[in-house]
Amino acid sequence: MKDKQVRVRFAPSPTGPLHIGGIRTALYNYLFARKNKGVMVLRIEDTDQNRSMPGTEEYIMKSLEWCGIRFDEGVREGGPYGPYRQSERKSLYEQYAMKLIEKGHAYYAFDTAEELEQMRKRQEAGGFKLTGYNQQSRLEMKNSLTLDKEDVQQRINNCEKYVIRIRIPENEEIKVFDEVRNWVNVDSSTMDDKVLFKSDGMPTYHLANVVDDHMMKITNVIRGEEWLPSLPLHALLYKYLGWENEMPDFAHLPLLLKPDGKGKLSKRDGDRLGFPVFPLQWKDPKTGEIYSGYRESGYFPEAFVNILVFLGWNPGTEQELFTMEELIDAFTLERVGKSGSRFDPEKAKWFNHQYLIGKSNAELATQYEKILKKKKIEISVAYVEKVVGLIKERANFVSDFWEQSKFFFIAPEDYEEKLVKKKWKENTPDILRDISAMLMDISDFSRDSIEKTVKDYIEEKELGMGQVMIALRLCLVGSGMGPDLFAIMELLGKKEVIQRVQRGIENIGG
RNA sequence: GGCCCGUUCGUCUAGUCAGGUCAGGACGCAAGAUUUUCAUUCUUGUAACAGGGGUUCAAAUCCCCUACGGGCUACCA
């Protein structure tokens with residue numbers, strides 16, 4: 001297995017949008033593939049026709065693309081092991097189910113839903129420890145183990161519905177190896193005879209998964225921990241199909257938990273948790289309900305990836321910010337944790353902030369301009385870039401920019417009352433008129449010369465810095481927030497500054 | 001109920017395999033410093049080995065039990 005080219009797959013079922021847990025699984029697969037110079041496959045597991053939801057396959061691909069996760073083979077890319085949609089591979093599976101029957105490892109079962117229900121009730125009433133269709137109960141059901149040959153053949157000839165179940169051996173210790181948890185032992189007697197092939201002619205996950213992974217030459221299966229209980233079943237399948245020696249290595253990832261501590265995160269959690277569970281906004285085609293996405297919430301894809309990768313993995317160093325390339329370099333399955341983790345919205349914001357301040361003013365300005373355009377503000381890129389440079393440290397998202405910088409584009413309409421009460425004195429208007437006049441005379445209206453002028457004036461008149469500056473800020477910004485006032489003045493320009501001071505004096509009065 | 005997996009600050013985690021530094025970092029929170037304001041930044045602080053038994057000179061680390069959490073238990077994946 002070691003010399004072969006590494007091939008991994010991400011195999012979602014299109015039953016709904018991918019949530020952040022699914023993205024993380026895809027991400028780990030991707031990192032593992034790239035790290036080992038391997039191939040990444042996207043396989044769509046649509047064996048349950050009833051649960052398929054329109055649009056989700058497209059959604060899955062768009063989401064992964066947004067995250068920067070690329071596939072080498074898949075439904076869109078094609079490849080030598082296609083088709084990559086299980087519904088299109090339907091005809092492939094039956095022969096393997098038949099092979100298992102021939103070898104005595106599987107059997108036909110003709111039980112109806114009602115009969116299965118009755119079986120369950122009997123077991124419940126009897127207080128059985130082991131429940132399900134198992135080595136004990138299969139003897140009292142309608143299947144090719146209990147029925148005679150002719151009867152079975154006749155039922156099949158009559159087109160009676162049947163499923164094919166695996167025949168789990170008795171009292172066999174099954175040892176399976178998981179890359180993150182090491183050896184897991186299971187007594188086969190506690191397992192049940194899972195359906196491998198459904199009456200609609202489709203395989204179940206278990207069969208399709210094993211067959212496809214084998215046919216697609218998958219070397220490493222990296223999937224969620226919810227699959228760990230079926231690993232012994234899959235191991236048995238590999239063995240019975242004669243593929244034991246080519247069985248892939250398995251790694252089961254710890255689950256993402258709900259922050260309120262009840263169970264694993266699920267698609268149904270939507271926005272209930274106070275943060276999105278989906279990468280991209282999703283509109284439920286049935287209900288029309290809209291669920292928010294990280295992209296629409298203003299997260300950068302690099303930040304999103306960085307947030308997710310740390311939910312269950314860490315590099316063992318103190319580095320927290322990673323580009324995709326750095327992640328590929330640093331990623332190993334050995335450093336994947338064993339316990340489930342909760343998403344922390346606060347830390348997520350911090351990550352985005354880190355990426356935001358790391359971006360160039362030009363890039364941020366381009367994004368901010370889209371928002372400004374919607375507000376019907378047309379202004380030079382150079383100006384927006386300068387604004388962004390002054391405020392980006394104060395924001396987590398580009399969508400925070402407006403709140404942080406609107407005074408650069410529109411003069412304040414009203415003035416923060418508390419501050420007016422506290423700092424706007426009787427003589428304030430006179431002081432501001434003095435300053436206004438002095439600013440008028442500055443030929444080089446730069447931050448430094450404004451600062452010098454104002455400070456000299458304050459010193460000369462023996463005034464308090466705070467008193468004057470806050471009054472000025474009120475006129476220019478409208479409130480007590482914002483970056484350095486001299487920088488604001490330089491950007492606004494002489495004319496605008498003087499106008500705003502004028503208006504401030506008139507509006508606040510005195 | 002049964003089977004399987006897990007458990008270190010509020011959260012993400014390092015440290016566990018090869019037992020021995022005040023249990024380290026980050027987010028958050030708090031305080032202080034800086035500042036014309038808010039924020040940033042900087043400094044400091046806050047706070048954890050689930051519990052109990054062993055083994056050992058020595059246990060977060062190895063073993064056992066208990067508790068708690070999670071997953072699975074469909075002709076769903």
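- For A:Phe331 and A:Trp313, the distance between ring centers is under 6.0 angstrom.
- Nucleotides B:G24 and B:C64 are separated by 29 Å at their P atoms, to the nearest Å.
- If you check B:C3 for Watson-Crick or wobble pairing at under 3.5 angstrom, you find it paired to B:G71.
- A:Tyr133 carries A:Arg165 over the face of its six-membered ring, with the cationic atom under 6.0 Å from the centre and within 45° of the normal.
- B:U41 and B:A33 make up a base pair, with Watson-Crick or G-U wobble contacts both under 3.5 Å.
- The separation between A:Trp183 atom CH2 and B:G6 atom C1' is 20 Å, rounded to whole Å.
- Listed nucleotides B:C3, B:U11, B:G25 differ in distance to A:Thr190; the shortest reach to its side chain belongs to B:C3.
- Residue contacts shown for A:Arg335 are limited to sugar-phosphate atoms, with no base heavy atom under 4.0 Å away.
- In this entry B:G10 has B:C27 as its Watson-Crick or G-U wobble partner, both defining distances falling under 3.5 Å.
- A cation-pi arrangement is found for A:Lys359 relative to A:Phe300, the charged atom lying closer than 6.0 Å to the ring centre and inside a 45° cone about the ring normal.
- Taking atom CD1 of residue A:Ile470 and atom C1' of nucleotide B:U35, one finds them 11 Å apart after rounding to whole Å.
- Note: CG (A:Asn182) to C1' (B:U16) measures 13 Å, nearest angstrom.
- Under the 6.0 Å cut-off for aromatic ring centres, A:Phe304 and A:Tyr299 do not qualify, their centroids lying 6.0 Å or more apart.
- Note: A:Phe197 and A:Tyr93 fail the aromatic proximity criterion, with ring centroids not under 6.0 Å apart.
- With a 3.5 Å ceiling on both atom-pair distances, B:C49 lacks any Watson-Crick or G-U wobble partner.
- B:G19 is unpaired under the Watson-Crick or G-U wobble criterion, no partner having all donor-acceptor distances under 3.5 Å.
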Check your understanding: Quick one: what's the B/S/- string for nucleotides 71-77 of chain B, heavy-atom cutoff under 4.0 Å, read 5' to 3'?
Key -> BS--BBB

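- When the nucleotides B:C12, B:U36, B:G6 are ranked by their closest atom to the side chain of A:Lys338, B:G6 comes out on top.
- A gap of 10 Å separates the C1' atoms of B:A59 and B:U16, to the nearest Å.
- When the P atom is used for both B:U21 and B:U66, the distance is 32 Å, rounded to whole Å.
- Side-chain proximity of A:Arg342 to the nucleotides B:G2, B:G6, B:C12 is greatest for B:C12.
- For B:G6 and B:U46, the C1' atoms lie 28 Å apart once the distance is rounded to whole Å.
- A:Glu179 has its CD atom 15 Å from the C1' atom of B:C17, to the nearest Å.
- Using a 4.0 Å heavy-atom distance criterion, A:Asn185 is classed as a sugar-phosphate-only contact.
- Environment of CD in A:Glu417: sparse, with no more than 12 heavy atoms of neighbouring residues, nucleotides or ligands closer than 6.0 Å.
- A donor-acceptor pair is defined here as one N or O able to donate and one able to accept, closer than 3.5 Å; such a pair exists between the side chain of A:Glu326 and the backbone of A:Thr323.
- Aromatic ring orientation, A:Trp227 versus A:His206: perpendicular (interplanar angle above 60°, classes split at 30° and 60°).
- Taking the P atom of each, B:A18 and B:G25 are spaced 28 Å apart, rounded to whole Å.
- Only the C1' atoms considered, B:C62 is 33 Å distant from B:G1, to the nearest whole Å.
- Listed candidates were B:A14, B:U37, B:C27. Nearest to the side chain of A:Glu346 is B:C27.
- Across the protein-nucleic acid pair, A:Asp484 atom CG and B:U34 atom C1' stand 14 Å apart, rounded to whole Å.
- Each of A:Gln404 and A:Phe128 has a nearest nucleotide on RNA chain B; the 5'-most of these lies closest to A:Phe128.
- For the P atoms, the distance linking B:A50 with B:U61 amounts to 8 Å, nearest Å.
- Annotation: A:Lys386, atom NZ; neighbour count of heavy atoms from other residues, nucleotides and ligands within 6.0 Å does not exceed 12.
- Between the C1' atoms of B:A23 and B:C63, the separation comes to 23 Å (whole Å).
- The residue A:Leu130 sits close only to the backbone: its heavy atoms come under 4.0 Å of sugar-phosphate atoms, none of a base.
- Summarising the geometry, the separation between CG on A:Asp178 and P on B:C4 is reported as 15 Å, rounded to the nearest angstrom.
- Between the CD1 atom of A:Ile391 and the P atom of B:U40 there is a distance of 14 Å, rounded to whole Å.
- Residue A:Asn314 places its side chain closer to B:U13 than to any other of B:U11, B:U13, B:U36.
- Pairing for B:C62 is with B:G54, a Watson-Crick or G-U wobble pair whose two hydrogen-bonding atom distances lie under 3.5 Å.
- Within 4.0 Å of A:Gly312, counting heavy atoms only, lie sugar-phosphate atoms of the nucleic acid but no base atom.
- Residue A:Pro254 is classed as having no contact, given no heavy-atom separation below 4.0 Å to the nucleic acid.
- Remark: side-chain polar atoms of A:Tyr28 are paired, donor with acceptor, to backbone N or O of A:Val309 under 3.5 angstrom.
- Scanning atom types as modelled, one donor and one acceptor separated by under 3.5 angstrom connect the side chain of A:Arg473 and the base of B:U37.
- Per the geometry, OH belonging to A:Tyr133 stands 23 Å off P belonging to B:C3, to the nearest Å.
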